[in-house]
Amino acid sequence: MPRHTRMAPPRLAAALWAALLLCPLALPAQAQEKKAEASKPKSSAPPKTLDQLLQEVNAGRRGETAENRRREAEFRRRRDQQQQLLNQARREKARQEARSERLEASFQKNEREVGALEKQLQERIGSLGELFGVVRQVAGETRGLVTSSLVSAQFPGREAGLSTLAQSRNLPTIDQLEDLWYALQQEITESGKAVRFEASVVLTDGSREQREVTRVGVFSAISDGDFLEYSGGLKEILRQPGGRFTRAAAGYENADEGRAEAPIDPSKGQILTLLVQQPSATETISQGGLVGGIIIIIGLLGVALSVWRFLLLAKTGAQVALQVRSEKVRNNPLGRVMKVYEDNPDADAETLELRLDEAILREVPKLEKGLTTIKVFSVIAPLLGLLGTVTGMIETFQMITLFGTGDPKLMAGGISEALVTTMLGLIVAIPLTFLHSLVSSRSKGIAEVIEEQSAGMVARRAEAATAA
């Protein structure tokens, strides 16, 4: 064995051991290097001599050199492949840019052609554009007319084609124009007809019933004597108008031939709606509240008392008139006065006059009985109406204070009470005043007859005394 091998200096041995210890640290951490390191054959035993150590180091270095060359070759191969892909992408980009330029040029060319064609179209259409606009407008108006028309209850679905024509932005076709013409002609023709047809009617309780409906043009629809309204379907009006209208409707519906009167609403339902919303007499009176009820009670009592007193005075007046024509004393105010005259045949004229005045004073209160009450009622009624006016206005101002003046319906209750109580007060006061005057004049007439007859009795007694 050579000498330098057997007697290696300590410094060289230390360098070899350091290289051996640092080899694992120089290995990269990639997955492929770990596989290569894992695939290296492992020595079954550590080197025992420096020669063995040197051989293992050389073998490891050769293996690393081969691995590094393999990695460099792989890197070059991938670099060439990526360069090829880059070149291919650049060629594709250039091709697409050229295609984009061609499409942009074609788009601009087409846009210029479209603008020229649109201009040519507008020039050729001319006044037809305005005409088609009018057609769409008429179609929209006709659709609204048809939708709310009673004719649609008999011929449903008429508004579908009109809606398409009204919303279309294209030129209308001949069929669409004919449909528009037919809808207008049908509406005109049916508006002059009175027909009967079967239709589904929504009743006031929400149920549906198949009924025979009588349609009077486009103005009224009647079924079983009740008026119907049309809003997408026929429905009974919750509140029917006055009796004379429903009677006329029932009479027309039951007529088989000849002529018959039919109530119609030329406003196509608006007047009928307002008519049924008008409060009845009972509802108007109920708006007067408590004060209005008191006024009505006073009015009824006053009228009853006036009628009773008038009839009683009429009977008394007839008895007095009969007593004037008869010498026989009867049971009536004049008869009782005459009885006083007959019971005092010897009294002088002055005494007889006093006794007759006393008898008259007993009869007059009976004749004037109830007149004061009637007069009080006629005075109280307008005062209560004024009271209701004040309370109603107080309620109105309270509503204004709480909710403002934004909603007039909130103030309607107080205003209604104020006006209705005033109206009721005047309605009661005016006839009571008239009745009081009538009863009072009748009472005064009877009293004047009694006084006249009494004066005649005194005159006869005085003449008899003078003659004696």
*Asks:* Using side-chain contact (heavy atoms from CB on, under 4.5 Å) as the criterion, point out the one residue from Ile296, Leu290, Val291 that pairs with Ile294.
*Replies:*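 Single pass found, and it is Leu290.
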*Asks:* Please answer whether the main-chain N or O of Ala418 pairs with a side-chain N or O of Thr422 as donor and acceptor at a distance below 3.5 Å.
*Replies:*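 Yes; at least one donor-acceptor contact below 3.5 Å.
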*Asks:* Using side-chain heavy atoms (C-beta onward) and a distance below 4.5 Å, is Leu162 in contact with Asp179?
*Replies:* no
*Asks:* Give a yes or no on whether the backbone of Leu438 and the side-chain of Ser441 come within a donor-acceptor separation of less than 3.5 Å.
*Replies:*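 Flag set: sc Ser441 to bb Leu438 pair under 3.5 Å.
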*Asks:* Within the 3.5 Å criterion, strictly below it, is a donor on Asp205 or Ser207 matched to an acceptor on the partner's side chain?
*Replies:*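 Yes, Ser207 and Asp205 have a side-chain donor paired with an acceptor closer than 3.5 Å.
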*Asks:* CG/Leu424 to CD/Glu417 distance, rounded to the nearest 0.5 angstrom?
*Replies:*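 It comes to 11.0 Å.
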*Asks:* Would you give the length of the straight line joining atom OG of Ser440 to atom CG of Leu435, rounded to the nearest 0.5 angstrom?
*Replies:* 12.0 Å
*Asks:* Does a donor on one side chain sit under 3.5 Å from an acceptor on the other, for Gln108 and Glu104?
*Replies:*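 Yes - a donor-acceptor pair under 3.5 Å links their side chains.
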*Asks:* Please name all residues satisfying side-chain hydrogen bond (donor to acceptor under 3.5 Å, both in side chains) with Ser149, sequence neighbours left out, ordered by chain then number.
*Replies:* Glu187
*Asks:* Are the side chain of Ser443 and the backbone N or O of Val439 linked by a donor-acceptor pair below 3.5 Å?
*Replies:* no
*Asks:* Measure the CE-OG1 distance between Met423 and Thr389 for me, rounded to the nearest 0.5 Å.
*Replies:* 11.0 Å
*Asks:* How close do Ala381 and Ala429 get, heavy atom to heavy atom, and via which atoms?
*Replies:* CB-N, 4.0 Å
*Asks:* As a test of understanding, state which of Glu190, Arg158, Glu159 forms a side-chain hydrogen bond (donor to acceptor under 3.5 Å, both in side chains) with Ser152.
*Replies:* Arg158
*Asks:* Indicate yes or no: does Glu448 engage Lys444 in a salt bridge with an N to O separation below 4.0 Å.
*Replies:* no
*Asks:* For the residue pair Asp80 and Gln84, confirm or rule out a side-chain donor-acceptor distance under 3.5 Å.
*Replies:*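 No, because no side-chain N or O of Asp80 sits under 3.5 Å from a partner of the opposite role on Gln84.
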*Asks:* Determine whether a donor-acceptor pair (N or O, by modelled atom type, separation under 3.5 Å) exists between the side chain of Ser100 and the backbone of Gln96.
*Replies:*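 No; judged by distance alone, with no hydrogens or angles, the pair does not exist.
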*Asks:* Are any non-hydrogen side-chain atoms of Glu236 and Leu228 less than 4.5 angstrom apart?
*Replies:* yes
*Asks:* In the structure I gave you, are the side-chain heavy atoms of Arg196 and Thr214 within less than 4.5 Å of one another anywhere?
*Replies:*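 The answer is yes, as the side chains (C-beta and beyond) meet within the 4.5 Å cut-off.
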*Asks:* Show, in sequence, the C-alpha distance, side-chain angles and deciding distance for Val340 and Arg362, and conclude whether the side chain to side chain contact (heavy atoms under 4.5 Å, CB included) test is met.
*Replies:* CA-CA 12 Å; Val340 173; Arg362 285 196 302 266; 4.2 Å; yes
*Asks:* Without swapping roles, check the side chain of Ser454 against the backbone of Ile450 for a donor-acceptor pair under 3.5 Å.
*Replies:* no
*Asks:* Is there a side chain to side chain contact (heavy atoms under 4.5 Å, CB included) between Leu432 and His436 once you walk through the steps?
*Replies:* CA-CA 6 Å; Leu432 284 184; His436 174 266; over 6 Å; no
*Asks:* So how far is it from Ile295 CD1 to Thr421 OG1, rounded to the nearest 0.5 Å?
*Replies:* 6.0 Å
*Asks:* Would you name the heavy atoms of Val213 and Ala221 that are closest together and state the gap between them?
*Replies:* CG1-CB, 4.2 Å
*Asks:* Does Arg95 pair with Glu92 as a salt bridge, N-O distance under 4.0 Å?
*Replies:*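 Answer for the salt bridge query: yes.
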*Asks:* Distance check, rounded to the nearest 0.5 Å: Arg91 atom CZ versus Leu86 atom CG?
*Replies:*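 Answer rounded to 0.5 Å: 9.5 Å.
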*Asks:* Between Gln323 and Arg330, what is the shortest heavy-atom contact and its length?
*Replies:*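 So the minimum-distance heavy-atom pair works out to OE1-N, 2.9 Å.
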*Asks:* Are Asn331 and Arg336 side-chain neighbours, meaning at least one heavy-atom pair lies under 4.5 Å?
*Replies:*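 They are in side-chain contact.
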*Asks:* Between Gln176 and Leu180, does the side chain to side chain contact (heavy atoms under 4.5 Å, CB included) criterion hold? Intermediate values first, please.
*Replies:* CA-CA 6 Å; Gln176 289 177 331; Leu180 175 60; over 6 Å; no
*Asks:* Please determine whether the number of non-hydrogen atoms from other residues, nucleotides or ligands lying under 6.0 Å from atom CD of Gln185 exceeds 12.
*Replies:*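 Yes - once you tally the heavy atoms of other residues, nucleotides and ligands closer than 6.0 Å, there are more than 12.
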*Asks:* Taking all heavy atoms of Leu301 and all of Phe377, pick out the closest pair and write down the distance.
*Replies:* CB-CE1, 3.9 Å
*Asks:* With distance as the sole test, does Arg215 use its side chain to make a donor-acceptor pair with the main-chain N or O of Val151 at under 3.5 Å?
*Replies:*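 Not a single qualifying donor-acceptor pair exists.
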*Asks:* Surrounding CG of Leu117 (heavy atoms of other residues, nucleotides or ligands, distance under 6.0 Å), is the total greater than 12?
*Replies:* yes
*Asks:* Between the side chain of Thr433 and the main-chain N/O of Ser378, is any donor-acceptor distance below 3.5 Å?
*Replies:* no
*Asks:* Counting neighbours of CZ on Phe197 that are heavy atoms of other residues, nucleotides or ligands and sit closer than 6.0 Å, is the number greater than 12?
*Replies:* yes
*Asks:* Does some side-chain heavy atom of Glu113 sit less than 4.5 Å from a side-chain heavy atom of Asn110?
*Replies:*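 Asn110 vs Glu113: side chains touch.
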*Asks:* Are side-chain heavy atoms of Glu358 and Leu354 found at a separation under 4.5 Å?
*Replies:*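 Answer no - side chains too far apart.
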*Asks:* Short question: side chain of Gln120, backbone of Gly115 - any donor-acceptor pair under 3.5 Å?
*Replies:* no
*Asks:* Passes side chain to side chain contact (heavy atoms under 4.5 Å, CB included), Leu150 versus Leu234? Steps please.
*Replies:* CA-CA 8 Å; Leu150 287 175; Leu234 290 172; 4.3 Å; yes
*Asks:* Thinking salt bridges, do Glu342 and Lys339 make one under a 4.0 Å N-O criterion?
*Replies:* no
*Asks:* On a heavy-atom basis, which atom in Leu305 and which in Gly370 lie closest, and how many Å separate them?
*Replies:* CD2-O, 3.7 Å
*Asks:* Report, as yes or no, whether the 6.0 Å neighbourhood of atom CD on Glu141 holds more than 12 heavy atoms from other residues, nucleotides or ligands.
*Replies:* yes
*Asks:* In the structure I gave you, are the side-chain heavy atoms of Leu367 and Arg442 within less than 4.5 Å of one another anywhere?
*Replies:* no
*Asks:* Determine yes or no for a side-chain-to-main-chain donor-acceptor pair under 3.5 angstrom, with Ser191 supplying the side chain and Ile188 the backbone.
*Replies:* yes
*Asks:* Is the closest side-chain heavy-atom distance between Val337 and Ile360 below 4.5 Å?
*Replies:* yes
*Asks:* Hey, is OH on Tyr182 packed in by over 12 heavy atoms from elsewhere, all under 6.0 Å?
*Replies:*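 No.
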*Asks:* State the CG-CD1 distance between Leu334 and Ile446, to the nearest 0.5 angstrom.
*Replies:*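 Rounded to the nearest 0.5 Å, the CG-CD1 separation comes to 10.5 Å.
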*Asks:* Looking at every non-hydrogen atom in both residues, tell me the closest pair between Arg211 and Ser223 and how far apart they are.
*Replies:*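 That closest heavy-atom pairing would be CD-OG, 3.1 Å.
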